[in-house]
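Some notes on the structure that comes next.
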There are 2 protein chains.
Amino acid sequence: MMLVTRSKSIVEQVNEVLRERIRNATYAPGLRLPSENGLAEEFGVSRATIRTVLAKLSVEGLILRRQGDGTYVNERILEVNTHLGGLWDFSRLIESSGFSSSIKALSLQETTATEEDARILAIKAGDKLLWMKRLFLADEKPVILANNFIPCSFLNCPVEEINGQLHIREILQRYFQQRISFAVTEISSSNSKESFNELGNELSLNLKMTFYSEENQPLALGNSYFNDTFLRLRLVQAWA
Amino acid sequence: MMLVTRSKSIVEQVNEVLRERIRNATYAPGLRLPSENGLAEEFGVSRATIRTVLAKLSVEGLILRRQGDGTYVNERILEVNTHLGGLWDFSRLIESSGFSSSIKALSLQETTATEEDARILAIKAGDKLLWMKRLFLADEKPVILANNFIPCSFLNCPVEEINGQLHIREILQRYFQQRISFAVTEISSSNSKESFNELGNELSLNLKMTFYSEENQPLALGNSYFNDTFLRLRLVQAWA
DNA sequence: CAGTGGTCTAGACCACTTG
DNA sequence: AAGTGGTCTAGACCACTGT
(Lines give C-alpha, C1' and ligand atoms only; values in the text may rest on other atoms or scores of the structure.)
Protein backbone atom coordinates (compact mmCIF):
# COMPACT_ATOMS: atom_id res chain seq x y z
CA MET A 1 0.00 0.00 0.00
CA MET A 2 1.42 3.32 -1.05
CA LEU A 3 1.14 6.57 0.80
CA VAL A 4 2.31 9.42 -1.36
CA THR A 5 1.16 12.73 0.10
CA ARG A 6 4.21 14.76 0.89
CA SER A 7 2.72 17.27 3.32
CA LYS A 8 1.89 14.76 6.03
CA SER A 9 4.51 12.44 7.40
CA ILE A 10 4.09 8.71 7.10
CA VAL A 11 3.74 8.49 10.87
CA GLU A 12 0.85 10.96 10.82
CA GLN A 13 -0.88 9.15 8.00
CA VAL A 14 -0.62 5.74 9.59
CA ASN A 15 -1.68 7.28 12.89
CA GLU A 16 -4.89 8.60 11.32
CA VAL A 17 -5.71 5.33 9.62
CA LEU A 18 -5.25 3.27 12.78
CA ARG A 19 -7.21 5.79 14.82
CA GLU A 20 -10.07 5.58 12.38
CA ARG A 21 -10.01 1.80 12.39
CA ILE A 22 -10.25 1.81 16.16
CA ARG A 23 -13.02 4.38 16.10
CA ASN A 24 -15.16 2.52 13.59
CA ALA A 25 -14.43 -0.84 15.21
CA THR A 26 -12.53 -2.32 12.29
CA TYR A 27 -10.34 -3.28 15.21
CA ALA A 28 -13.02 -4.25 17.69
CA PRO A 29 -12.90 -3.06 21.32
CA GLY A 30 -10.92 -5.44 23.49
CA LEU A 31 -9.57 -7.42 20.57
CA ARG A 32 -6.09 -7.72 19.21
CA LEU A 33 -4.54 -5.62 16.48
CA PRO A 34 -2.31 -7.10 13.81
CA SER A 35 1.30 -7.52 14.87
CA GLU A 36 3.86 -4.81 14.28
CA ASN A 37 5.35 -6.79 11.43
CA GLY A 38 1.93 -7.30 9.92
CA LEU A 39 1.14 -3.59 10.02
CA ALA A 40 4.57 -2.69 8.69
CA GLU A 41 4.02 -4.99 5.74
CA GLU A 42 0.49 -3.75 5.07
CA PHE A 43 1.55 -0.09 5.01
CA GLY A 44 4.86 -0.80 3.32
CA VAL A 45 6.86 0.95 6.03
CA SER A 46 9.49 -0.13 8.51
CA ARG A 47 8.65 -1.63 11.83
CA ALA A 48 10.20 1.38 13.59
CA THR A 49 7.67 3.68 11.95
CA ILE A 50 4.78 1.48 13.07
CA ARG A 51 6.23 1.45 16.56
CA THR A 52 6.28 5.25 16.86
CA VAL A 53 2.60 5.32 15.85
CA LEU A 54 1.66 2.61 18.33
CA ALA A 55 3.66 4.39 21.04
CA LYS A 56 1.57 7.53 20.54
CA LEU A 57 -1.70 5.61 20.69
CA SER A 58 -0.46 3.83 23.79
CA VAL A 59 0.38 7.06 25.64
CA GLU A 60 -3.15 8.26 24.97
CA GLY A 61 -4.45 5.04 26.45
CA LEU A 62 -6.18 4.04 23.22
CA ILE A 63 -4.36 0.72 23.02
CA LEU A 64 -2.75 -1.62 25.51
CA ARG A 65 0.45 -3.47 24.65
CA ARG A 66 1.70 -6.65 26.25
CA GLN A 67 5.12 -8.02 25.48
CA GLY A 68 4.99 -11.52 24.15
CA ASP A 69 1.25 -11.27 23.66
CA GLY A 70 0.02 -8.46 21.45
CA THR A 71 -1.61 -5.06 21.10
CA TYR A 72 -5.24 -4.64 22.15
CA VAL A 73 -7.89 -1.96 21.72
CA ASN A 74 -8.66 -0.41 25.11
CA GLU A 75 -12.45 -0.50 25.18
CA ARG A 76 -12.65 1.53 28.38
CA ILE A 77 -11.16 4.57 26.76
CA LEU A 78 -13.52 4.83 23.82
CA GLU A 79 -16.16 6.57 25.90
CA VAL A 80 -13.68 8.79 27.71
CA ASN A 81 -11.21 10.02 25.18
CA THR A 82 -10.14 13.24 26.80
CA HIS A 83 -6.51 12.44 26.59
CA LEU A 84 -4.02 15.01 27.56
CA GLY A 85 -3.15 16.66 24.31
CA GLY A 86 -6.79 17.62 24.03
CA LEU A 87 -7.30 19.58 27.21
CA TRP A 88 -6.92 23.03 25.75
CA ASP A 89 -9.03 22.19 22.72
CA PHE A 90 -12.49 22.62 24.15
CA SER A 91 -14.29 21.72 20.93
CA ARG A 92 -12.63 18.34 20.77
CA LEU A 93 -13.30 17.79 24.44
CA ILE A 94 -17.01 18.42 23.92
CA GLU A 95 -17.22 16.27 20.81
CA SER A 96 -15.35 13.37 22.34
CA SER A 97 -17.91 13.42 25.14
CA GLY A 98 -20.57 12.70 22.56
CA PHE A 99 -22.07 16.15 22.06
CA SER A 100 -22.13 18.45 19.09
CA SER A 101 -19.99 21.48 19.75
CA SER A 102 -20.35 25.09 18.69
CA ILE A 103 -18.91 28.45 19.68
CA LYS A 104 -20.82 31.62 20.47
CA ALA A 105 -18.65 34.73 20.43
CA LEU A 106 -19.91 37.06 23.16
CA SER A 107 -17.44 39.84 22.48
CA LEU A 108 -14.21 40.56 20.65
CA GLN A 109 -12.66 43.87 21.57
CA GLU A 110 -9.54 45.72 22.55
CA THR A 111 -8.64 46.22 26.16
CA THR A 112 -5.52 47.11 28.13
CA ALA A 113 -3.27 44.83 30.13
CA THR A 114 -3.46 44.81 33.90
CA GLU A 115 -0.28 44.57 35.96
CA GLU A 116 -0.90 40.84 36.33
CA ASP A 117 -1.50 40.29 32.61
CA ALA A 118 1.59 42.32 31.75
CA ARG A 119 3.78 40.35 34.10
CA ILE A 120 2.76 36.99 32.68
CA LEU A 121 2.82 38.11 29.05
CA ALA A 122 6.13 39.95 29.42
CA ILE A 123 4.67 43.23 28.16
CA LYS A 124 3.92 46.58 29.81
CA ALA A 125 0.83 47.30 31.87
CA GLY A 126 -1.56 49.31 29.72
CA ASP A 127 -0.45 47.70 26.45
CA LYS A 128 -3.26 46.80 24.13
CA LEU A 129 -4.78 43.32 24.29
CA LEU A 130 -7.33 41.53 22.18
CA TRP A 131 -10.02 40.21 24.53
CA MET A 132 -12.21 37.39 23.32
CA LYS A 133 -15.09 36.26 25.44
CA ARG A 134 -16.69 33.15 24.05
CA LEU A 135 -19.13 30.48 25.05
CA PHE A 136 -18.63 26.83 24.09
CA LEU A 137 -21.90 24.98 23.64
CA ALA A 138 -22.45 21.23 23.93
CA ASP A 139 -25.69 20.29 22.18
CA GLU A 140 -26.66 23.99 22.33
CA LYS A 141 -26.15 24.07 26.09
CA PRO A 142 -23.46 26.46 27.38
CA VAL A 143 -20.76 24.50 29.19
CA ILE A 144 -17.56 26.52 28.98
CA LEU A 145 -17.04 30.25 29.26
CA ALA A 146 -13.65 31.11 27.78
CA ASN A 147 -11.80 34.42 28.05
CA ASN A 148 -8.65 34.87 26.00
CA PHE A 149 -6.19 37.74 26.03
CA ILE A 150 -3.63 38.23 23.26
CA PRO A 151 -1.20 41.15 22.90
CA CYS A 152 -2.14 43.23 19.86
CA SER A 153 1.46 43.90 18.86
CA PHE A 154 1.47 41.17 16.20
CA LEU A 155 -2.16 41.52 15.12
CA ASN A 156 -2.24 41.85 11.33
CA CYS A 157 -5.82 42.99 10.73
CA PRO A 158 -8.63 45.02 12.33
CA VAL A 159 -10.30 43.34 15.28
CA GLU A 160 -13.58 43.29 13.37
CA GLU A 161 -12.20 40.89 10.78
CA ILE A 162 -11.33 38.16 13.24
CA ASN A 163 -13.40 35.02 12.96
CA GLY A 164 -14.61 34.29 16.46
CA GLN A 165 -15.49 30.69 15.61
CA LEU A 166 -11.89 29.61 15.30
CA HIS A 167 -9.84 27.74 17.80
CA ILE A 168 -7.26 29.81 19.67
CA ARG A 169 -4.44 27.97 17.95
CA GLU A 170 -5.84 28.96 14.57
CA ILE A 171 -6.44 32.53 15.63
CA LEU A 172 -2.87 32.89 16.81
CA GLN A 173 -1.61 31.33 13.60
CA ARG A 174 -3.78 33.22 11.16
CA TYR A 175 -3.98 36.70 12.68
CA PHE A 176 -0.77 36.84 14.71
CA GLN A 177 1.65 34.52 12.81
CA GLN A 178 2.39 32.72 16.05
CA ARG A 179 2.47 29.00 16.81
CA ILE A 180 1.70 27.49 20.19
CA SER A 181 4.38 25.10 21.36
CA PHE A 182 3.21 24.32 24.86
CA ALA A 183 0.82 25.53 27.52
CA VAL A 184 0.58 25.54 31.29
CA THR A 185 -2.88 25.06 32.78
CA GLU A 186 -3.79 25.69 36.39
CA ILE A 187 -6.98 24.00 37.53
CA SER A 188 -8.91 25.23 40.54
CA SER A 189 -12.43 25.30 41.84
CA SER A 190 -14.38 28.51 41.61
CA ASN A 191 -17.67 30.02 42.60
CA SER A 192 -17.44 33.16 40.54
CA LYS A 193 -20.40 35.31 39.54
CA GLU A 194 -19.17 35.49 35.96
CA SER A 195 -19.51 31.77 35.68
CA PHE A 196 -22.99 31.91 37.20
CA ASN A 197 -24.22 34.53 34.78
CA GLU A 198 -23.19 32.70 31.64
CA LEU A 199 -23.35 29.06 32.61
CA GLY A 200 -26.22 29.19 35.10
CA ASN A 201 -24.14 27.48 37.71
CA GLU A 202 -22.16 29.10 40.46
CA LEU A 203 -19.82 26.22 41.23
CA SER A 204 -17.43 25.44 38.40
CA LEU A 205 -13.89 24.60 37.45
CA ASN A 206 -11.59 27.47 36.68
CA LEU A 207 -8.87 26.85 34.10
CA LYS A 208 -6.11 29.44 33.89
CA MET A 209 -3.88 28.85 30.89
CA THR A 210 -0.76 30.42 29.50
CA PHE A 211 0.29 29.62 25.95
CA TYR A 212 3.92 29.78 24.86
CA SER A 213 5.73 29.79 21.53
CA GLU A 214 8.52 27.51 20.45
CA GLU A 215 10.90 30.30 21.47
CA ASN A 216 9.38 30.28 24.95
CA GLN A 217 7.65 33.61 24.53
CA PRO A 218 4.25 33.96 26.21
CA LEU A 219 1.65 34.32 23.47
CA ALA A 220 -1.72 34.44 25.15
CA LEU A 221 -3.70 33.96 28.33
CA GLY A 222 -6.83 31.98 28.95
CA ASN A 223 -9.22 32.21 31.86
CA SER A 224 -12.08 29.78 31.48
CA TYR A 225 -14.94 28.40 33.50
CA PHE A 226 -16.08 24.86 33.07
CA ASN A 227 -19.54 23.70 34.07
CA ASP A 228 -18.74 20.27 35.44
CA THR A 229 -22.32 19.44 36.34
CA PHE A 230 -22.99 18.75 32.68
CA LEU A 231 -19.64 18.01 31.09
CA ARG A 232 -16.97 15.84 32.66
CA LEU A 233 -13.29 16.72 32.63
CA ARG A 234 -11.66 13.33 32.34
CA LEU A 235 -7.97 12.66 31.91
CA VAL A 236 -6.40 9.41 30.83
CA GLN A 237 -2.96 8.71 32.17
CA ALA A 238 -0.93 5.86 30.80
CA TRP A 239 2.03 4.72 32.79
CA ALA A 240 5.39 4.26 31.03
CA MET B 1 31.32 6.34 28.61
CA MET B 2 30.05 2.91 29.48
CA LEU B 3 26.72 2.09 31.02
CA VAL B 4 26.63 -1.51 32.12
CA THR B 5 23.76 -2.03 34.56
CA ARG B 6 21.42 -4.55 33.06
CA SER B 7 18.31 -3.87 35.09
CA LYS B 8 17.69 -0.40 33.71
CA SER B 9 17.53 0.25 30.02
CA ILE B 10 20.00 2.60 28.40
CA VAL B 11 17.17 4.99 27.64
CA GLU B 12 16.20 5.12 31.31
CA GLN B 13 19.75 5.69 32.43
CA VAL B 14 20.41 8.49 29.96
CA ASN B 15 17.03 9.96 30.83
CA GLU B 16 17.98 10.16 34.51
CA VAL B 17 21.35 11.70 33.80
CA LEU B 18 19.95 14.41 31.54
CA ARG B 19 17.12 15.12 33.98
CA GLU B 20 19.63 15.57 36.76
CA ARG B 21 21.80 17.85 34.65
CA ILE B 22 18.80 20.02 33.92
CA ARG B 23 17.75 20.03 37.56
CA ASN B 24 21.16 21.03 38.88
CA ALA B 25 21.70 23.55 36.07
CA THR B 26 24.63 21.76 34.47
CA TYR B 27 22.53 22.66 31.47
CA ALA B 28 21.47 26.15 32.49
CA PRO B 29 17.86 27.33 32.11
CA GLY B 30 17.23 28.80 28.69
CA LEU B 31 20.53 27.65 27.27
CA ARG B 32 21.30 25.08 24.64
CA LEU B 33 22.04 21.42 25.22
CA PRO B 34 24.73 19.56 23.29
CA SER B 35 23.59 18.30 19.91
CA GLU B 36 22.12 14.84 19.46
CA ASN B 37 25.33 13.64 17.88
CA GLY B 38 27.34 15.11 20.73
CA LEU B 39 25.23 13.38 23.36
CA ALA B 40 25.26 10.12 21.43
CA GLU B 41 29.05 10.23 21.36
CA GLU B 42 29.37 11.16 25.02
CA PHE B 43 27.15 8.29 26.18
CA GLY B 44 28.43 5.89 23.57
CA VAL B 45 24.96 5.13 22.22
CA SER B 46 23.23 5.61 18.91
CA ARG B 47 21.54 8.82 17.95
CA ALA B 48 18.16 7.04 17.92
CA THR B 49 18.52 6.22 21.59
CA ILE B 50 19.31 9.82 22.44
CA ARG B 51 16.32 10.90 20.42
CA THR B 52 13.88 8.74 22.36
CA VAL B 53 15.17 10.26 25.59
CA LEU B 54 14.88 13.82 24.26
CA ALA B 55 11.39 13.04 22.96
CA LYS B 56 10.28 12.07 26.46
CA LEU B 57 11.73 15.22 28.01
CA SER B 58 10.11 17.27 25.27
CA VAL B 59 6.64 15.81 25.89
CA GLU B 60 6.97 16.76 29.53
CA GLY B 61 7.86 20.28 28.46
CA LEU B 62 11.26 20.14 30.12
CA ILE B 63 13.10 21.00 26.92
CA LEU B 64 12.24 22.84 23.73
CA ARG B 65 13.54 21.66 20.39
CA ARG B 66 13.92 23.73 17.25
CA GLN B 67 14.81 22.17 13.96
CA GLY B 68 17.95 23.66 12.49
CA ASP B 69 18.74 25.40 15.74
CA GLY B 70 19.06 23.22 18.81
CA THR B 71 17.60 21.89 22.05
CA TYR B 72 17.02 24.30 24.93
CA VAL B 73 16.19 23.96 28.61
CA ASN B 74 12.68 25.30 29.23
CA GLU B 75 13.20 27.57 32.19
CA ARG B 76 9.47 28.20 32.67
CA ILE B 77 8.78 24.60 33.51
CA LEU B 78 11.31 24.20 36.28
CA GLU B 79 9.00 25.74 38.86
CA VAL B 80 5.89 23.97 37.58
CA ASN B 81 6.83 20.41 36.88
CA THR B 82 3.49 18.74 37.32
CA HIS B 83 3.60 17.07 33.99
CA LEU B 84 0.94 14.65 33.11
CA GLY B 85 2.53 11.37 34.03
CA GLY B 86 2.81 12.69 37.56
CA LEU B 87 -0.75 13.66 38.34
CA TRP B 88 -1.76 10.69 40.40
CA ASP B 89 1.39 10.70 42.46
CA PHE B 90 0.42 13.22 45.11
CA SER B 91 3.74 13.07 46.93
CA ARG B 92 5.66 14.04 43.82
CA LEU B 93 3.13 16.77 43.11
CA ILE B 94 3.67 18.28 46.55
CA GLU B 95 7.44 18.01 46.37
CA SER B 96 7.69 19.48 42.91
CA SER B 97 5.76 22.47 44.23
CA GLY B 98 8.60 23.07 46.65
CA PHE B 99 7.16 21.60 49.85
CA SER B 100 8.17 18.65 51.94
CA SER B 101 5.57 15.91 51.69
CA SER B 102 4.36 13.35 54.19
CA ILE B 103 1.41 11.03 54.57
CA LYS B 104 -0.82 10.64 57.60
CA ALA B 105 -2.91 7.49 57.55
CA LEU B 106 -6.29 8.30 59.11
CA SER B 107 -7.71 4.81 58.81
CA LEU B 108 -7.09 1.48 57.10
CA GLN B 109 -9.98 -0.92 57.42
CA GLU B 110 -12.26 -3.33 55.67
CA THR B 111 -15.57 -2.19 54.28
CA THR B 112 -18.09 -3.52 51.76
CA ALA B 113 -18.64 -2.39 48.20
CA THR B 114 -21.62 -0.21 47.35
CA GLU B 115 -23.55 -0.81 44.15
CA GLU B 116 -21.58 1.99 42.52
CA ASP B 117 -18.20 0.66 43.67
CA ALA B 118 -19.12 -2.84 42.54
CA ARG B 119 -20.15 -1.67 39.10
CA ILE B 120 -16.90 0.18 38.47
CA LEU B 121 -14.67 -2.49 39.98
CA ALA B 122 -16.50 -5.34 38.23
CA ILE B 123 -17.21 -7.14 41.51
CA LYS B 124 -20.39 -7.82 43.49
CA ALA B 125 -22.03 -5.33 45.83
CA GLY B 126 -21.18 -6.30 49.38
CA ASP B 127 -17.78 -7.76 48.48
CA LYS B 128 -15.01 -6.82 50.85
CA LEU B 129 -12.90 -3.74 50.12
CA LEU B 130 -9.81 -2.30 51.73
CA TRP B 131 -10.56 1.33 52.54
CA MET B 132 -7.63 3.66 53.09
CA LYS B 133 -8.30 7.18 54.23
CA ARG B 134 -5.14 9.26 54.19
CA LEU B 135 -4.04 12.83 54.42
CA PHE B 136 -1.20 14.23 52.34
CA LEU B 137 0.68 17.01 54.06
CA ALA B 138 2.72 19.76 52.41
CA ASP B 139 5.08 21.27 54.96
CA GLU B 140 2.92 19.69 57.69
CA LYS B 141 -0.18 21.38 56.33
CA PRO B 142 -2.98 19.05 55.10
CA VAL B 143 -3.63 19.64 51.41
CA ILE B 144 -5.06 16.44 50.00
CA LEU B 145 -7.55 14.03 51.52
CA ALA B 146 -7.33 10.71 49.69
CA ASN B 147 -9.72 7.78 49.92
CA ASN B 148 -8.78 4.55 48.19
CA PHE B 149 -10.82 1.39 47.77
CA ILE B 150 -9.24 -1.90 46.71
CA PRO B 151 -11.00 -5.28 46.46
CA CYS B 152 -9.65 -7.64 49.13
CA SER B 153 -9.75 -10.70 46.88
CA PHE B 154 -6.03 -10.51 46.09
CA LEU B 155 -4.87 -9.18 49.46
CA ASN B 156 -2.03 -11.37 50.69
CA CYS B 157 -1.72 -10.28 54.33
CA PRO B 158 -3.80 -8.98 57.24
CA VAL B 159 -4.96 -5.40 56.90
CA GLU B 160 -2.95 -4.49 60.00
CA GLU B 161 0.33 -5.25 58.28
CA ILE B 162 -0.16 -2.78 55.45
CA ASN B 163 2.20 0.17 55.48
CA GLY B 164 -0.02 3.22 55.13
CA GLN B 165 2.87 5.44 54.10
CA LEU B 166 3.27 3.81 50.71
CA HIS B 167 2.08 5.09 47.42
CA ILE B 168 -0.97 3.34 46.00
CA ARG B 169 1.10 1.89 43.20
CA GLU B 170 3.43 0.27 45.72
CA ILE B 171 0.57 -0.96 47.87
CA LEU B 172 -1.06 -2.64 44.92
CA GLN B 173 2.23 -4.19 43.90
CA ARG B 174 3.37 -5.38 47.30
CA TYR B 175 0.15 -6.53 48.93
CA PHE B 176 -1.99 -7.39 45.93
CA GLN B 177 0.55 -8.43 43.23
CA GLN B 178 -1.08 -6.04 40.81
CA ARG B 179 0.48 -3.45 38.52
CA ILE B 180 -1.21 -0.25 37.43
CA SER B 181 -1.11 0.25 33.68
CA PHE B 182 -3.31 3.30 33.29
CA ALA B 183 -5.82 5.42 35.15
CA VAL B 184 -8.80 7.60 34.38
CA THR B 185 -9.22 10.73 36.50
CA GLU B 186 -12.35 12.85 36.60
CA ILE B 187 -11.84 16.34 37.94
CA SER B 188 -14.70 18.38 39.34
CA SER B 189 -15.31 21.12 41.83
CA SER B 190 -16.73 20.21 45.19
CA ASN B 191 -17.97 21.75 48.38
CA SER B 192 -18.20 18.61 50.44
CA LYS B 193 -18.28 18.51 54.22
CA GLU B 194 -15.70 15.75 54.28
CA SER B 195 -13.22 18.03 52.61
CA PHE B 196 -14.04 20.80 55.05
CA ASN B 197 -13.50 18.65 58.11
CA GLU B 198 -10.06 17.45 57.15
CA LEU B 199 -8.69 20.26 55.04
CA GLY B 200 -10.35 23.20 56.75
CA ASN B 201 -11.71 24.43 53.46
CA GLU B 202 -15.11 23.79 52.03
CA LEU B 203 -14.35 24.57 48.41
CA SER B 204 -11.96 22.11 46.81
CA LEU B 205 -11.19 20.01 43.78
CA ASN B 206 -12.57 16.51 43.71
CA LEU B 207 -10.51 13.88 41.88
CA LYS B 208 -12.23 10.59 41.14
CA MET B 209 -9.79 8.01 39.83
CA THR B 210 -10.03 4.48 38.56
CA PHE B 211 -6.88 2.42 38.22
CA TYR B 212 -6.59 -0.39 35.69
CA SER B 213 -4.18 -3.25 35.10
CA GLU B 214 -2.38 -4.11 31.91
CA GLU B 215 -5.14 -6.63 31.24
CA ASN B 216 -7.70 -3.84 31.57
CA GLN B 217 -9.08 -5.07 34.88
CA PRO B 218 -10.15 -2.37 37.33
CA LEU B 219 -7.82 -2.56 40.33
CA ALA B 220 -8.78 0.27 42.64
CA LEU B 221 -10.78 3.44 43.13
CA GLY B 222 -9.70 6.81 44.40
CA ASN B 223 -11.83 9.67 45.66
CA SER B 224 -9.71 12.60 46.72
CA TYR B 225 -10.13 16.21 47.71
CA PHE B 226 -7.54 18.78 46.82
CA ASN B 227 -7.21 22.06 48.70
CA ASP B 228 -6.38 24.38 45.85
CA THR B 229 -6.15 27.47 48.00
CA PHE B 230 -2.74 26.31 49.15
CA LEU B 231 -1.46 23.92 46.50
CA ARG B 232 -1.76 24.48 42.76
CA LEU B 233 -2.77 21.79 40.31
CA ARG B 234 -0.75 22.68 37.23
CA LEU B 235 -0.52 20.69 34.05
CA VAL B 236 2.03 21.12 31.29
CA GLN B 237 0.90 20.23 27.82
CA ALA B 238 3.42 20.06 25.01
CA TRP B 239 2.07 20.06 21.50
CA ALA B 240 3.38 17.32 19.17
C1' DC C 1 27.50 26.93 3.91
C1' DA C 2 27.87 23.76 8.05
C1' DG C 3 25.30 22.13 11.71
C1' DT C 4 21.03 21.25 13.78
C1' DG C 5 16.90 18.43 14.55
C1' DG C 6 13.08 15.48 11.77
C1' DT C 7 12.07 11.27 9.35
C1' DC C 8 12.65 6.69 7.95
C1' DT C 9 14.89 2.25 6.92
C1' DA C 10 16.75 -2.56 7.65
C1' DG C 11 18.23 -5.45 10.61
C1' DA C 12 19.94 -7.47 15.01
C1' DC C 13 19.13 -9.34 19.47
C1' DC C 14 16.45 -9.84 23.70
C1' DA C 15 12.35 -10.84 26.96
C1' DC C 16 8.18 -12.51 27.27
C1' DT C 17 3.73 -15.10 26.40
C1' DT C 18 1.22 -18.52 24.41
C1' DG C 19 0.21 -22.95 22.32
C1' DA D 1 9.04 -23.57 19.41
C1' DA D 2 6.96 -19.75 17.28
C1' DG D 3 5.38 -15.31 17.54
C1' DT D 4 4.89 -11.13 20.01
C1' DG D 5 6.51 -6.64 21.63
C1' DG D 6 11.02 -4.17 23.76
C1' DT D 7 15.55 -2.35 22.87
C1' DC D 8 19.25 -0.67 20.22
C1' DT D 9 22.30 0.15 16.27
C1' DA D 10 24.21 2.40 11.95
C1' DG D 11 23.28 4.88 8.46
C1' DA D 12 20.62 7.52 4.97
C1' DC D 13 18.25 11.57 3.49
C1' DC D 14 15.51 15.74 4.32
C1' DA D 15 14.10 20.47 6.27
C1' DC D 16 15.41 24.11 8.62
C1' DT D 17 18.40 27.58 11.04
C1' DG D 18 22.19 30.21 11.81
C1' DT D 19 26.33 32.80 10.01
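Chain identifiers are assigned alphabetically (A, B, ...) following the order of the sequence lines, protein sequences preceding nucleic acid strands; residue numbering begins at 1 within each chain.
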Between C1' of D:dT17 and CG of B:Leu64, the distance in whole Å: 16 Å
Test: A:Arg65 cationic atom under 6.0 Å from A:Tyr72 six-membered ring centre, within 45° of axis: no
Rounded distance (Å) that lies between atom C1' of D:dG3 and atom CD of A:Glu41: 14 Å
Rounded interatomic separation in angstrom, taking NZ from B:Lys8 and C1' from D:dG6: 17 Å
Footprint string (nucleotides 9-19 of chain C, 5' to 3'): B base within contact, S backbone only, - free, heavy atoms under 4.0 Å: B--B--BBBS-
Any B:Thr52 side-chain N or O less than 4.0 Å from OP1/OP2 of D:dC8: no
More than 12 heavy atoms of other groups within 6.0 Å of B:Gln177 CD: yes
Protein-nucleotide distance (A:Phe43, atom CZ; C:dT7, atom C1'), rounded to Å: 18 Å
A:Leu33 CG to D:dG5 P, straight-line distance once rounded to whole Å: 9 Å
Distance in angstrom units between A:Leu54 CG and D:dG6 P, rounded: 9 Å
Atom-pair distance (CZ on B:Arg65; P on D:dG18), nearest Å: 16 Å
Check ion pair B:Arg66-A:Glu214 (N to O, under 4.0 angstrom): no
Among D:dG6, C:dT4, C:dG6, the nucleotide that comes nearest once only the side chain of B:Ser35 is considered: C:dT4
Pair B:Asn147, B:Trp131: side-chain N/O donor-acceptor within cut-off below 3.5 Å: yes
Between A:Asn37 and A:Ser35: side-chain donor-acceptor atoms closer than 3.5 Å: no
Non-hydrogen atoms of A:Val184 and A:Tyr212 that approach each other most closely: CG2-CE1, 4.0 Å
For atom CD of A:Gln13 and atom C1' of C:dC8, their distance in whole Å: 13 Å
